[in-house]
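Written below as structure tokens is the structure these notes are about.
Each chain gets a letter, A, B and so on, in the order the sequences are listed, and its residues count up from 1.
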Amino acid sequence: MASGIVSYGVYIPRFRIRLNEISRVWDNGEDISESLRVFEKSVPDVDEDSVTIAVEAARNALMRANLDPKRIGAIYAGSESHPYAVKPTGTIVGEAVCASSAFTAADFEFACKAGTAAIQACLGLVSSGLIDLGIAIGSDVSQGAPGDMLEYTAAAGGAAYVIGREDLAAEIEGFYSFTTDTPDFWRREGMPYPEHGGRFTGEPAYFKHVSSAARGLLKKLGTEPGDYDYAVFHQPNGKFPVRVAAKLGFSREQIEPGLVVPMIGNTYSGSCLIGLAATLDIARPGDRIFVTSFGSGAGSDAFSLRVKEGIDEIRCGAPTVRDYIGKAQYLDYAMYAKHKGKLRI
Amino acid sequence: MTTHAPRFWRCIPQRYSLIGTHCTSCNESFFPPRNICPNCRRGAQLEECKFKGTGTVITYTTIHNATEDFDRLTPYHLAIIELDEGPRITGQIVSAPDGVKIGMRVRPVFRILGKEGERGIIYYGTKFAPIEETCCD
């Protein structure tokens, strides 16, 4: 029996800061917004973190398809900003969505691809018949040190996917992962902000891993970019996904619906999962979607999806990505610093 | 360090999911949950119920000078909200760029309620936000 996405939900905080407001403070003489192709990014409220975002996304996912939370057999929460070093995010999500206590939970961490790794884990349990439904979440309130390049794109948001075998909104036809030991971006235990290898994060990290996973899946399934209606790639900025899509043979039209980074920034574990949700928001039954995540460290997971009739049943059950993007409230840098806890009182 | 974890833990169903009680004898709902119905006394038939969380702002105030734990939130709005099922509860209103108004319709949102400093537990729970239209409305 086929397995795949039964429902999905997203959450993006309503606050935004424009990149030109950040560069006003840390002026380094270049048009950052234009060079990154990102114009504004989402900012969490003072009382939001990756747990609250995960809960809102999971509640939206269950509400969208009117699913009984007692059916959930697994909750895997992916993030690189779990608020507790020891105390799983998944336990809080389970309680907040009124799941039964008969579910397994674990927190995943693989930089920006922890959410797709969680989908793979759920897929294994669901496909083998060990559980009925599993929830895979990618959520982050990502960090960038003041003045660092990361600060221009490090945003907040998340998505949750309910994985199952019945009433599918999209079948997962297959996946392919590519993983190596590549130190392009890291955060040591106890450190508040991550470090990165500058330009090293491009060719040997993002492009190599995304291209290898994508090509591996195309070869495994015997498909070509032209067989897909839409494609979504991890979006650390507005340039990388466009460039890797072109390199692989996908068109601008295929990636356009899922390209959300110019409006909300890089939501890390939520990044390509929010892009996929934006694509599902408009996809029709029969459409095929190609998705490839990337996590520094480094690895990529590529998925092939075929949209099913169930998508029309659940389309209006929860807010869309565009609903959240449309609710923007802008902050100046001082308020942004307060929201992000950059001011130590 | 002193922790209030046990007290917080006992309230998790109420704080996360607005779980209260409902008396099937007189059809009145209670939040926080009650062990007895003040109307029916011994004749009460109490059952657990989950409130939808949608409701109406009855009155509110805006806090500008808060205690240390809530310093970072100021200014913030605290309201009495009448849930659609009847009970009135006190809650914080967030995501209200145009301010709070009496009669405003609100929905529940999951937020951080407080923290036991840098090392202690984080209290999560329900706050309220204005109901907004979505693409499908």
Side-chain angles (χ1 to χ4, degrees), chain A residues 11 13-15 44-60 63-64 69 82-87 89 91-99 141 192 281-282 314-331 337-341 343-345, chain B residues 3 5 8-9 11-19 48-54 66 68-77 91-99 107-116 118-137:
Chain A
Y11 180 77
R14 71 180 299 128
F15 293 100
D45 206 338
V46 288
D47 54 2
E48 290 183 305
D49 63 13
S50 60
V51 166
T52 65
I53 290 171
V55 167
E56 290 288 339
R59 284 178 171 175
N60 280 339
M63 180 173 70
R64 179 183 295 280
H82 292 291
Y84 286 104
V86 180
K87 166 86 178 92
T89 295
T91 60
I92 304 167
V93 174
E95 192 77 43
V97 301
C98 296
V141 285
D281 284 341
I282 59 149
I314 65 169
R315 197 181 299 280
C316 290
T320 65
V321 174
R322 298 287 155 187
D323 284 328
Y324 281 111
I325 289 175
K327 294 174 199 161
Q329 187 177 343
Y330 292 93
L331 303 174
K338 180 183 175 187
H339 275 237
K340 292 289 290 175
L343 296 173
R344 308 291 290 184
I345 301 169
Chain B
T3 178
F8 164 76
W9 173 77
C11 294
I12 280 179
Q14 304 166 31
R15 289 188 173 178
Y16 286 14
S17 307
L18 297 175
I19 304 291
E48 192 178 89
C49 76
K50 182 179 185 305
F51 295 102
K52 286 181 295 182
T54 48
E68 195 178 335
D69 290 346
F70 298 93
D71 244 357
R72 195 175 283 276
L73 300 178
T74 57
Y76 63 90
H77 310 293
Q92 195 180 323
I93 308 285
V94 297
S95 294
D98 300 324
R107 63 184 173 85
V109 293
F110 195 76
R111 296 289 177 113
I112 297 168
L113 300 183
K115 295 179 183 177
E116 289 184 345
E118 294 273 309
R119 299 174 59 187
I121 63 164
I122 304 167
Y123 304 127
Y124 292 98
T126 304
K127 294 185 181 179
F128 295 86
I131 292 176
E132 294 169 313
E133 286 186 357
T134 64
C135 288
C136 286
D137 288 334

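Both the backbone and the side chain of A/Glu95 have a heavy atom closer than 4.5 Å to some heavy atom of chain B. Only the side chain of B/Val94 comes within less than 4.5 Å of a heavy atom of chain A; its backbone N, CA, C and O stay farther away. For A/Tyr11, the part sitting under 4.5 Å from any heavy atom of chain B is the side chain, from C-beta outward, and nothing else. Of the two parts of A/Ile92, the backbone and the side chain both hold a non-hydrogen atom closer than 4.5 Å to a non-hydrogen atom of chain B. Only the side chain of A/Glu56 comes within contact range of chain B, with heavy atoms under 4.5 Å apart. At a 4.5 Å heavy-atom cutoff, B/Lys115 makes no contact with chain A through either its backbone or its side chain. Contact of B/Ile122 with chain A is made through backbone and side chain together, with heavy-atom distances under 4.5 Å.
Under the salt bridge (Lys or Arg N to Asp or Glu O under 4.0 Å) criterion, A/Lys327 pairs with B/Glu132, sequence neighbours left out. Listed by chain and residue number, A/Tyr324 satisfy the side chain to side chain donor-acceptor pair (under 3.5 Å) test with A/Asn60 (two or more places apart in sequence, or in another chain).
Here B/Val109 is the residue among B/Val109, B/Ile19, B/Thr126 with the most heavy-atom pairs under 4.5 Å with chain A.
Counting only heavy atoms from C-beta outward, the side chains of A/Pro44 and A/Lys340 approach each other to under 4.5 Å. You'll find the side chain of A/Asp281 stays beyond 4.5 Å of the side chain of A/Arg322, heavy atoms only.
Salt bridge annotation for A/Asp45-B/Arg111: present, with a cationic side-chain nitrogen under 4.0 angstrom from a carboxylate oxygen.
The only member of B/Phe8, B/Tyr16, B/Trp9, B/Phe70 that meets ring-ring contact (aromatic ring centres under 6.0 Å, His included) when paired with B/Tyr123 is B/Phe8.
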